[in-house]
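Report on one structure; see the data block that follows.
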Amino acid sequence: MLTIQFIRNNRATVLKGLRIKNFSQPDLIDKIIDRDNERRSLQVRTNELQAEMNRLNKEIGKLIRAGEEQKASQVKERTSLLKKELETHARDLQHSATDLNDWLVQIPNIPHPSVPAGNTDADNKLIRQGGAIPRLTEDALPHWDLGSKYRLIDFDMGVKITGGGFPVFRGKGARLQRALIAYFLDQNTSAGYEEFLPPLLVNEASGFGTGQLPDKEGQMYHVTGDNLYLIPTAEVPVTNIYRDVILQAKDLPIKNTAYTPCFRREAGSYGKDVRGLNRVHQFDKVEIVQITHPSDSYRALEEMVSHVEKLVTNLELPYRIVQLCGGDLGFTSALTYDFEVFAAAQKKWLEVSSVSNFESYQANRLKLRFRDPADKKSQLAHTLNGSALALPRIMAAILENNQTPEGIRVPEVLCPFMGPGNELIR
RNA sequence: GGAGAGAUGCCGGAGUGGUCGAACGGGGCGGUCUCGAAAACCGUUGUGCUCCUUGCGGGCACCGGGGGUUCGAAUCCCCCUCUCUCCGCCA
């Protein structure tokens, strides 16, 4: 969340940013500032009363030790009145602080100055495009048909076992998934990311830390028996490693990567756009996360974008990079680049990665700080993450784009992971 | 699932209801010594909120979380959460 200090000092900037993000209740900002003023004056008064109370209590202690019981009980009488007043003030202060916090968590991050205004993905800004769009014949099949034809993916089997949106990969399909995971992890670790294999269930505090809770509770599967949530992305456990941590400046940037299955309820989505692997409830993803010094986060963002670009290039997929407009930007993000690859049979661009800088928004929730030996005070770090990469749509594009009358050609970089003689899936 | 133990600062670990923001040890940092380092010795070492006369200033809160008792709680009582050990079950 934004810090109250930032909102107070940059009211105009915040309001402008919220406008670009199409935030529905900008009047919350002034309510927050008013309530904070109230909180401050209550705090001052409460602190004064507490100081007086502490003074009297010490005095009573001294008198009792000196054996002056009489005088002690006189002082005690004075404390009882003070105590009542203190309780009232403390309660009011508590209410103010609670309101303030409830409102603060509802304020999304404000966008970076470069973020274009706009409402939907139609207003996103194309940054660049790469790779050649393959020319397929008219009878080219979408990936869901290829999946059955070559026995790679079985959607009906998933429906039987679990329900819609839980595809089963089998045979070469399962092997291709494994190849992609291994390839991505290898590339990420070569680029300096430390590999993690985190828990897939997280507690409430973790969900709050990265911003999924309390607002987007409905997007996660909730295991009510133990009050745990299935992760919607590895971002949640991997970023929460640093919850309540004060790092040393010299340890930055921290670069982590993790493969995990991801679970998303995505309630209410159905139809043609979500056929096959385009949108599922459980999918595999390899994530990269960076924690940086505030002055370094935009360099890190570009570094992550280049890294992801290299991955899609190596997979020989036609791709484009778009910068999300204000309205399309996630709740916690200041700047996001989406990567889309072209699935040539569906003739559609599919989002396969979202690379974001959250600046200090998550860090503030996480209480993730760092200390520079030069400064006395610790300050909030910046967090970033990106998919490198999400598998289902990559799989969809590979199957569709590489289909030939003889079979599906496996991208060269994946061949070493596919076993001998499997350059072509027949 | 059953039984028990515990939760204190960066770590380990004390703590009779007032002099405890917290002993002691370790670690870190600074210094003395040294050509340099180690050792030794000395000093220092939490987080957050807040105020103003912005000073290397003051006040307040924080000993897992929340309530309670008390003039006063790390310390006593209640509830919750978490961790550990043993048993059971199990990949």
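Reminder, nothing fancy here: chain letters follow the sequence lines and each chain counts from 1. Predicted model only: the values in this text are computed from it and were never measured.
Nucleic acid contact for A:R55: none, since no nucleic acid atom lies under 4.0 Å from a heavy atom of the residue. Note on A:L82: nothing from the nucleic acid sits closer than 4.0 angstrom, heavy atoms only. Within the 4.0 angstrom heavy-atom criterion, no nucleotide atom of any strand lies near A:L56.
Between A:D36 and A:R40 there is a salt bridge, since at least one side-chain N of the basic residue sits less than 4.0 Å from a carboxylate O of the acidic one.
Neither OP1 nor OP2 of B:rG72 sits under 4.0 Å from any side-chain N or O of A:N54. At the phosphate of B:rU70, neither OP1 nor OP2 sits under 4.0 Å from any side-chain N or O atom of A:K83. Residue A:R369 places no side-chain N or O under 4.0 Å from the OP1 or OP2 atom of B:rU47. Side-chain N/O atoms of A:Q5 include one lying less than 4.0 angstrom from OP1 or OP2 on B:rC49. Residue A:R39 places at least one side-chain N or O closer than 4.0 Å to OP1 or OP2 of B:rU50. A:S378 has a side-chain polar atom (N or O) that falls below the 4.0 Å cut-off from OP1 or OP2 of B:rG48.
Distance from the side chain of A:N47 is smallest to B:rC60 among B:rC71, B:rC60, B:rC49. Listed candidates were B:rU47, B:rC71, B:rC51. Nearest to the side chain of A:R40 is B:rC51. The side chain of A:R371 approaches B:rU47 more closely than any other nucleotide in the set B:rU47, B:rC51, B:rC71. In this structure, the nucleotide among B:rG18, B:rA61, B:rU47 sitting nearest to the side chain of A:I246 is B:rU47. Out of B:rC71, B:rC49, B:rA61, the shortest distance to the side chain of A:Q50 is found at B:rA61.
Rounded to whole Å, the separation between the C1' atoms of B:rG48 and B:rG36 comes to 43 Å. Distance noted for atom P between B:rU16 and B:rC10: 23 Å (whole Å).
The shortest side-chain heavy-atom distance between A:I398 and A:V341 does not fall under the 4.5 Å cut-off.
At least one donor-acceptor pair under 3.5 Å links the side chain of A:Q106 to the backbone N or O of A:D102. Although no hydrogens or angles enter the test, the distance criterion places a donor-acceptor pair under 3.5 Å between the side chain of A:Q362 and the main chain of A:T210.
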Side chain to side chain contact (heavy atoms under 4.5 Å, CB included) assessment of A:N240 paired with A:V202: CA-CA 9 Å; A:N240 271 282; A:V202 294; over 6 Å; no
